[in-house]
Amino acid sequence: MFRFELLHEDPSGARLGRLHTPHGTIDTPCYMPVGTQASVKAVTQRDLREMDAQIILANTYHLAMRPGEELIRRAGGLHRFMNWERPILTDSGGFQVFSLAGLRKVEEDGVTFQSHIDGTRHFFTPERAIAIENALGADIIMAFDECSPYPCDEARAQAAAERTHRWAARCKSAHTREDQALFGIVQGAFYPRLRRESAKALTDMEFPGYGIGGLSVGEPKAVMYEMLPIVTDLLPREKPRYLMGVGSPDCLLEGALRGVDMFDCVLATRVARNGTALTGRGRLVVRNAAHAEDYLPLDEGCGCYACQNYSRAYIRHLFKAEEILALHLISIHNLHFLLALMKDARAAIAQDRFAAFKADFFAQYGTDGLGKF
RNA sequence: UCCUCAGUAGCUCAAUGGCAGAGCACUCGGCUGUUAACCGAGUUGUUGUAGGUUCGAGCCCUACCUGAGGAG
């Protein structure tokens with residue numbers, strides 16, 4: 001049921017592909033909006049359909065804590081529960097174990113941690129994570145991994161990567177639904193040797209797709225860009241690669257250039273709620289006083305609902321007045337911006353002009369992939 | 001006309017006679033597999049006015065100004 005078609009490779013190294021899932025197809029490279037708790041914050045599923053989002057994310061850890069995977073199973077699965085008939089990908093909760101710094105203990109069998117909601121103690125294992133993901137019913141599910149921090153010494157990074165491999169094998173054994181594609185996750189922190197070993201170990205397990213994890217955890221972008229080709233060169237060409245948690249406009253293009261097919265990121269929706277719009281000319285902090293009487297749309301030439309109907313001055317007013325509509329409008333714009341950017345990127349790849357497309361984008365965006373000229 | 005109370009940052013208010021502060025507002029910065037409509041930083045003063053006491057006054061004394069309440 002799950003199939004990846006590699007349609008074309010641009011001279012730059014960027015790939016054009018198509019993912020087939022039980023709930024529809026996804027053109028790659030793609031940006032996936034994040035709906036951690038079965039909701040992409042501040043927008044409706046109708047908004048997501050209108051901006052042509054082909055797939056969204058949800059999170060295993062959050063949904064297991066609340067409302068609980070059994071409730072969602074009884075509700076008919078995640079798609080039906082949240083009224084999203086297109087593909088869904090669930091993250092395993094491995095990253096939450098890493099980011100919820102509060103009481104947690106990582107052992108070979110699994111991870112003991114406290115819920116950030118009510119402090120109750122829980123034990124997640126690879127088997128438990130997969131059981132939850134099976135209950136939720138997403139089209140693509142992620143293996144339960146151990147994400148290393150930055151910086152991280154080599155011995156610790158190696159231990160985490162090797163444990164991630166053993167857990168990946170356990171996830172594969174525990175996985176029961178053939179209509180869900182289970183992706184393994186490459187770790188290895190910032191050590192080329194560990195990244196290569198991780199890519200190889202997971203490739204040997206033959207997953208239908210591969211996540212690249214443990215990046216964008218505080219390291220300089222140059223370091224992330226250095227790690228990417230080391231991994232993508234070793235992963236099987238005909239399988240999709242998903243760079244987890246990455247999604248600033250510049251990183252999307254730099255990632256695609258290095259052979260990444262899928263991205264997800266909370267950045268677009270988070271900065272939106274904090275008053276910043278992503279535009280072709282860089283980030284626009286629309287909450288700033290400079291826009292009090294700025295009657296241009298957030299991004300000139302943008303076709304999104306917010307830009308077609310409202311000015312920066314109005315949206316800034318809404319933001320300063322703490323009107324919830326501000327968060328809705330900027331979120332719609334930012335998501336639309338990244339989805340449209342990837343659509344344009346795909347068109348460029350199809351015509352073998354991705355390198356020029358990227359150069360043109362950065363010339364307008366006012367930065368290179370490292371965040372400055 | 002008299003009595004009482006109160007005047008401190010844009011607002012609401014702190015500050016045993018000993019470096020004039022907080023919250024909010026405002027300004028700016030940050031945000032990358034969401035513990036985030038969040039976090040951080042910064043600007044703002046003839047302490048109502050004029051005198052006096054004191055080594056030193058936002059604070060004590062005098063007069064005046066303004067506001068609120070009360071009496072007539």
Side-chain angles (χ1 to χ4, degrees), chain A residues 31-43 56-63 65-66 89-104 113-119 129 133 138 140-148 150 164 183 185-187 210-221 223-225 241-252 254-255 260 262-278 283 285-292 315-316 318-331 334 338 369 371:
Chain A
Y31 163 70
M32 306 182 282
V34 180
T36 304
Q37 307 193 77
S39 169
V40 177
K41 294 185 191 296
V43 305
I56 61 173
L57 254 72
N59 190 281
T60 298
Y61 161 80
H62 289 86
L63 294 175
M65 293 298 108
R66 182 171 57 193
L89 181 153
T90 45
D91 191 12
S92 64
F95 185 77
Q96 278 60 47
V97 169
F98 155 81
S99 64
L100 299 175
L103 263 173
R104 64 156 190 237
F113 62 92
Q114 282 184 287
S115 160
H116 72 284
I117 300 167
D118 58 11
E133 294 193 275
I140 299 171
I141 67 177
M142 301 306 296
F144 189 65
D145 64 332
E146 183 179 348
C147 183
S148 295
Y150 175 82
T164 292
F183 281 25
I185 301 176
V186 175
Q187 288 291 343
Y210 297 89
I212 301 170
L215 294 180
S216 198
V217 289
E219 78 283 7
K221 288 180 181 179
V223 175
M224 176 170 80
Y225 296 153
R241 301 85 175 262
Y242 159 33
L243 177 53
M244 306 180 74
V246 171
S248 62
D250 49 335
C251 288
L252 291 179
E254 295 291 349
V260 173
M262 306 159 70
F263 305 83
D264 81 283
C265 196
V266 303
L267 188 73
T269 46
R270 182 181 293 169
V271 301
R273 294 192 306 283
N274 294 331
T276 298
L278 303 175
R283 293 191 193 185
V285 185
V286 70
R287 68 161 182 264
N288 284 359
H291 304 109
I315 293 171
R316 170 182 138 90
L318 294 178
F319 194 86
K320 298 297 290 183
E322 296 185 62
E323 284 293 342
I324 203 163
L325 180 57
L327 314 190
H328 175 62
L329 294 175
I330 308 174
S331 294
N334 283 358
L338 293 186

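Lettering of chains follows the sequences in order, A, B, ..., and the numbering in each one begins at 1.
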key: Separation of B/A36 C1' from A/I330 CD1 (nearest whole Å)   = 15 Å

task = Could you check A/T269 against A/V34 for side chain to side chain contact (heavy atoms under 4.5 Å, CB included), going step by step and ending with a plain yes or no?
result = CA-CA 8 Å; A/T269 46; A/V34 180; 5.6 Å; no

Distance in angstrom units between A/H116 NE2 and B/U35 C1', rounded = 5 Å

ask   = Quick one: does A/D145 reach the base of B/G33 with a side-chain donor-acceptor pair under 3.5 Å?
value = yes

message = What is the separation between atom CD1 on A/I56 and atom P on B/U34, rounded to the nearest whole Å?
response = 13 Å

Separation of atom CG in A/L57 from atom C1' in B/U34, rounded to whole Å = 11 Å

message = Please tell me if A/Q96 has a side-chain N or O lying less than 4.0 Å from either OP1 or OP2 of B/U34.
response = yes

query = Can you check the A/I324 CD1 to B/C38 P distance for me, whole Å?
reply = 11 Å

key: Donor-acceptor contact below 3.5 Å, side chain A/R273 vs main chain A/S331   = no

inquiry  = Using the P atom as the point on both nucleotides, what is the distance between B/G51 and B/G40, in whole Å?
reply    = 45 Å

inquiry  = Is there a side chain to side chain contact (heavy atoms under 4.5 Å, CB included) between A/V271 and A/N334? Walk through the geometry before answering.
reply    = CA-CA 9 Å; A/V271 301; A/N334 283 358; 3.6 Å; yes

query = Should A/S99 be listed as having a side-chain N or O under 4.0 Å from OP1 or OP2 of B/G33?
reply = no

ask   = Does A/C265 offer a backbone N or O that forms a donor-acceptor pair with the side chain of A/Y31 under 3.5 Å?
value = yes

Side chain A/S115 and base B/U35 donor-acceptor under 3.5 Å = no

Check: A/S92 side chain, A/A143 main-chain N or O, donor-acceptor pair, under 3.5 Å = yes

inquiry  = Give me the distance, rounded to whole Å, that separates B/C61 from B/U54 when you measure between the C1' atoms they each carry.
reply    = 12 Å

task = Quote, to the nearest angstrom, the P distance that separates B/C31 from B/A50.
result = 49 Å

task = Using the P atom on both, measure B/U49 against B/G10 and round to a whole Å.
result = 13 Å

key: Pair A/E146-A/Q187, side chain to side chain contact (heavy atoms under 4.5 Å, CB included): steps then yes or no   = CA-CA 8 Å; A/E146 183 179 348; A/Q187 288 291 343; over 6 Å; no

request  = Select base, sugar-phosphate, or nothing to describe what A/E323 touches, counting heavy atoms under 4.0 Å on all strands.
outcome  = nothing

remark   = In short, A/G245 meets A/D264 closest at the heavy-atom pair N-OD1, 2.7 Å

query = On a whole-Å scale, what distance lies between the P atoms belonging to B/A57 and B/G42?
reply = 30 Å

message = Expressed as a whole number of angstroms, how long is the span from A/Y150:OH to B/G33:C1'?
response = 19 Å

Base-paired stems in RNA chain B, each at least three Watson-Crick or G-U pairs under 3.5 Å = B:1-7 with B:65-71, B:10-13 with B:21-24, B:26-30 with B:38-42, B:48-52 with B:60-64

ask   = Of all residues at least two apart in sequence or in a different chain, which pass the salt bridge (Lys or Arg N to Asp or Glu O under 4.0 Å) check with A/K221?
value = A/D250

inquiry  = So A/I185, base contact, sugar-phosphate only, or nothing? Heavy-atom distance under 4.0 Å.
reply    = base

request  = For nucleotides B/G21 and B/G45, find the distance between their C1' atoms and express it as a whole number of Å.
outcome  = 11 Å

key: Steps toward side chain to side chain contact (heavy atoms under 4.5 Å, CB included) verdict (A/E219, A/V217)   = CA-CA 6 Å; A/E219 78 283 7; A/V217 289; 3.6 Å; yes

key: For atom CD of A/Q37 and atom C1' of B/A37, their distance in whole Å   = 14 Å

message = Tell me the interatomic distance from A/Y242, atom OH, to B/G33, atom P, rounded to whole angstroms.
response = 9 Å

A/Y61 versus A/D91, side-chain donor and acceptor atoms under 3.5 Å = no

ask   = If you find the nucleotide of RNA chain B closest to A/A58 and the one closest to A/R273, which residue's nucleotide is nearer the 5' end?
value = A/A58

key: Span that lies between the C1' atom of B/U27 and that of B/U43, in whole angstrom   = 7 Å

message = Work out how far the P atom of B/G48 is from that of B/U66, and round it to whole angstrom.
response = 16 Å

query = Base, sugar-phosphate alone, or nothing: which one does A/G214 contact when heavy atoms must sit under 4.0 Å apart?
reply = base

task = Examine distances only and state if a side-chain atom of A/E133 and a backbone atom of A/M142 form a donor-acceptor pair shorter than 3.5 Å.
result = yes

task = Classify every nucleotide of nucleotides 26-32 of chain B by which part a protein heavy atom approaches to under 4.0 Å, writing B for the base, S for the sugar-phosphate alone and - for neither, in 5'-to-3' order.
result = SSSBBBB

